[in-house]
Q: 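For reference, the structure I am asking about is given below.
Just follow the structure's listing: the first ligand is 1, and inside any ligand the first atom is 1. Hydrogens, waters and symmetry mates play no part in the numbers below; they use all other heavy atoms, side chains included.
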Amino acid sequence: MTARLLLPGLGALLAADALPVTLIGAGMDDWDAARWQERVATAFGEHGKAEAAARTLDGTRYVRADVTRAEDLRGLLDSADGEVSIFFALPPSVTVKACEALCELGLPEGTRLVLEKPFGTSASSAASLNRLLTRLAPEERIHRVDHFLGKSTVLNILGLRFANRIFEPLLGSEHVESVDIVFDEQLALEGRAGYYDKAGALADMIQSHLLQILALLTMEAPLSLDPRVFRDATAEALRATRLWAGDAKESSLRARYAGYAEEPGVDPARETETLAEIVLAVDNWRWAGVPFRLRSGKALGTGRKEAVITFKAPPRIPDGFRGPDTPDRLRISFGPDRLALDFDINGPGDPFVLDPVTLEAEFAPGELPPYGEVLRGVFENDPLLSVRGDTAEQCWRIVEPVTSAWRAGEVPLQEYAVGSSGPAGSLLTSGGDSPH
Ligand code: BG6
């Protein structure tokens, strides 16, 4: 993750904003300076040629340290100048120990804490981690990173909804039949068993990223994009969110791809899912009665990454029209970043026959990769794109009935073939391809 997302994001940010940043890597690996530098240079890629990034590359160093020991952390902090940002790319249990050690030391004024997911492993562990963190820094200096919040498409949802008159009045239970939020990947484990086998698709993708998308799709119009206002709106939407019908047997599905159990580092007894689906209700005045189906899986045949809003059928189609009556759909695709609106109009030839058509628009790409956007917020002390503490706890609260039903064996673990479309009995309602 550090090599694939974090460091490339940092490289792009340095190239764009020319920030003076000293990068210190720390870990238990016995790396020499050259190996670390090469790692960072590879991750920076072309951006490493920009002046500020080249300076960071030149000055970067690696310190062998046990970050759960106060003395090692003291050494690290003493070697840093200027404003300090501590980035925890660590498993949750190690993060907790590192924070406890930091509490013994106290931190320089203005230190920022940047935390990778998973943020805790349950609502209660997230709550106790939050309590620990607030002993170290005020909430606005604590950045719980979710790189999906830096994706331009995800933020574009706000523009689409609230900078136009035509979509927003339709978004609610009166007109919407269901919403699917899907993140199907062709990628498999990528050698990440150490992390992934303990997380699984539900925690890796749904509990974190997809719930953030759900919040953006369902929140009420925020007064502004001020971090406090925006994050209040996010929290409000997630507070209303719960498992559909409160029943994990009906409202969840778990599966793993054939061969996962044999991957190096995987413990088959853990029964980790590589594909998860859950159905949620956003139980408020606007959305009550609309099912939100969230799904994410790995090693699938097609990388399908989109939110699909399916509208209800019109109250009545006048007699005399013929042809397919396909549901109207608004599709927001995440990579390629695109917006598509599917609906029916009179087709060519016989004007009484309806034909499905699609209006499409491309979203402009963001200036920076998602991690770069998120890191810019960190360095500018702007928590807009960071997950607030209470929201992190809410996200665990939402998935907990599912994890406990799975642990109790109430929902069987299915299997699917690598490269397939996933297990039978998907809870989604929108198919893979646009009908148009
Ligand atoms: C990460 C997950 O947060 O997001 C990965 O841990 C996943 O499992 C990745 O592959 C997907 O994000 P992106 O932006 O790389 O498609």
Q: Is any side-chain N of the basic residue among Arg161 and Glu168 closer than 4.0 Å to the acidic one's carboxylate O?
A: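 Glu168 and Arg161: salt-bridged.
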
Q: Tabulation required: pairs of a nitrogen or oxygen in ligand 1 and a protein nitrogen or oxygen under 3.5 Å; columns are atom names and distance to 0.1 Å; otherwise 'none'.
A:
residue: ligand 1; atom: 3 (O); partner: Lys117; partner atom: NZ; Å: 2.4
residue: ligand 1; atom: 3 (O); partner: His209; partner atom: NE2; Å: 2.7
residue: ligand 1; atom: 6 (O); partner: Lys117; partner atom: NZ; Å: 3.0
residue: ligand 1; atom: 6 (O); partner: Arg192; partner atom: NH2; Å: 2.8
residue: ligand 1; atom: 6 (O); partner: Asp204; partner atom: OD1; Å: 2.5
residue: ligand 1; atom: 6 (O); partner: Asp204; partner atom: OD2; Å: 3.4
residue: ligand 1; atom: 8 (O); partner: Arg192; partner atom: NH1; Å: 2.9
residue: ligand 1; atom: 8 (O); partner: Asp204; partner atom: OD2; Å: 2.6
residue: ligand 1; atom: 8 (O); partner: Lys298; partner atom: NZ; Å: 2.8
residue: ligand 1; atom: 10 (O); partner: Glu185; partner atom: OE1; Å: 3.3
residue: ligand 1; atom: 10 (O); partner: Glu185; partner atom: OE2; Å: 2.6
residue: ligand 1; atom: 10 (O); partner: Lys298; partner atom: NZ; Å: 3.2
residue: ligand 1; atom: 12 (O); partner: His147; partner atom: NE2; Å: 3.2
residue: ligand 1; atom: 14 (O); partner: His147; partner atom: NE2; Å: 2.9
residue: ligand 1; atom: 14 (O); partner: Lys151; partner atom: NZ; Å: 2.6
residue: ligand 1; atom: 15 (O); partner: Arg4; partner atom: NH1; Å: 3.4

Q: Ion pair present between Asp29 and Arg64, side-chain N to carboxylate O less than 4.0 angstrom?
A: no

Q: Please enumerate all residues that pass ring pair (Phe, Tyr, Trp, His ring centres under 6.0 Å) together with Trp287, with sequence neighbours excluded.
A: Phe292

Q: Given the side-chain rings of Phe183 and Phe148, with only the six-membered ring counted for Trp, is the space between their centroids under 6.0 Å?
A: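 They qualify: ring centres under 6.0 Å apart.
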
Q: Do the side chains of Val96 and Thr68 get nearer than 4.5 Å, heavy atoms only?
A: no

Q: With respect to Glu185, which candidate in Lys298, Arg295, Arg304 satisfies the salt bridge (charged side-chain N to carboxylate O under 4.0 Å, His left out) definition?
A: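 Only one option passes, and that is Lys298.
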
